[in-house]
Peer 1: 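Here it is, the structure in full.
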Amino acid sequence: MSEKRRGEGERWGKIKGFSIQFLPYSEIRDLNSDERIKRVLGIILSNNILIIQGRLSASEEARLIGDTMAMIGHIKDFRGIELAVISGNEKESIFGKMAKGFANILAGGDFSAITIIGPASIVKEMKRNPKKIELLLNR
């Protein structure tokens, strides 16, 4: 291994103890809100950055944030979560939005969105633009 490559590995080697997990919406579609929140928290508390196909409802997002705020100080090294959602084209016509809404009702979820949730001890910041999310990790 060249010196340059070895130096790059050492730089990345400082970020330890996490993985990225993808959760298809089909795995949480049939869960009620409590079970869905519990599943997401279990993954996050295991030091995973979670990518969910689709998005949680607004009330589930609020509950998730509230539950994690209550955990701060009670779980060792837990500093909360970072959460970001990116969805499809926001400049759709009214008919396009209606068609997408109808399709989401039939499918049981919004598949045009991606939700990323990570523990604040790992994810320093999430920068969200209309078409991308940038994850800045703690070292």
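None of these values were measured; they are calculated from a predicted model.
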Peer 1: Work out which heavy atom in Leu56 is nearest to a heavy atom in Thr115; give both atom names and the distance.
Peer 2: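 Shortest heavy-atom contact: N-OG1, 4.2 Å.
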Peer 1: Hey, could you give me the CZ/CD distance between Arg55 and Glu60, rounded to the nearest 0.5 Å?
Peer 2: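 Output value for this atom pair is 11.0 Å.
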Peer 1: Using side-chain contact (heavy atoms from CB on, under 4.5 Å) as the criterion, point out the one residue from Ile43, Ile44, Ile81, Asn48 that pairs with Pro119.
Peer 2: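 It is Ile44, the one option of Ile43, Ile44, Ile81, Asn48 that forms the side-chain contact (heavy atoms from CB on, under 4.5 Å) with Pro119.
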Peer 1: Working to the nearest 0.5 Å, report the span between CD1 of Ile49 and CZ of Phe22.
Peer 2: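 Between Ile49 CD1 and Phe22 CZ, I get 15.0 Å after rounding to 0.5 Å.
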Peer 1: Judged by atom type as modelled, is there a donor-acceptor pair below 3.5 Å linking the side chain of Glu82 to the main-chain atoms of Gly118?
Peer 2: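 Not at all, since once roles are kept as given, no pair shorter than 3.5 Å links the two residues.
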Peer 1: In Å, rounded to the nearest 0.5 Å, how long is the span from CD1 of Ile114 to CD of Gln53?
Peer 2: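 The CD atom of Gln53 is 6.5 Å from CD1 of Ile114, to the nearest 0.5 Å.
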Peer 1: How many angstroms lie between atom CZ of Arg29 and atom CZ of Arg36, to the nearest 0.5 angstrom?
Peer 2: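 Atom-to-atom, Arg29:CZ and Arg36:CZ are 10.0 Å apart.
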Peer 1: Shortest non-hydrogen contact from Met126 to Val123?
Peer 2: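 Scanning both residues, the minimum pair turns out to be CG-CG1, 3.9 Å.
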Peer 1: So, the side chain of Arg79 versus the backbone of Ile122: is there a donor-acceptor pair under 3.5 Å, distance only?
Peer 2: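 The answer is no, because no donor-acceptor pair under 3.5 Å joins these two groups.
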Peer 1: Enumerate, atom names and distances included, each donor-acceptor pair closer than 3.5 Å involving a side-chain atom of residues 62-70, sequence neighbours excluded.
Peer 2:
unit_1	atom_1	unit_2	atom_2	d
Arg63	NE	Asp67	OD2	3.4
Arg63	NH1	Asp34	OD1	2.5
Arg63	NH2	Asp34	OD1	3.4
Thr68	OG1	Leu64	O	3.2
Thr68	OG1	Ile65	O	2.9

Peer 1: In a check of side-chain contact (heavy atoms from CB on, under 4.5 Å) between Leu50 and each of Leu23, Leu41, Leu83, which one passes?
Peer 2: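 When Leu23, Leu41, Leu83 are each tested with Leu50, the side-chain contact (heavy atoms from CB on, under 4.5 Å) holds only for Leu23.
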Peer 1: Return the CD to OG distance between Gln21 and Ser46, rounded to the nearest 0.5 Å.
Peer 2: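 It comes to 8.0 Å.
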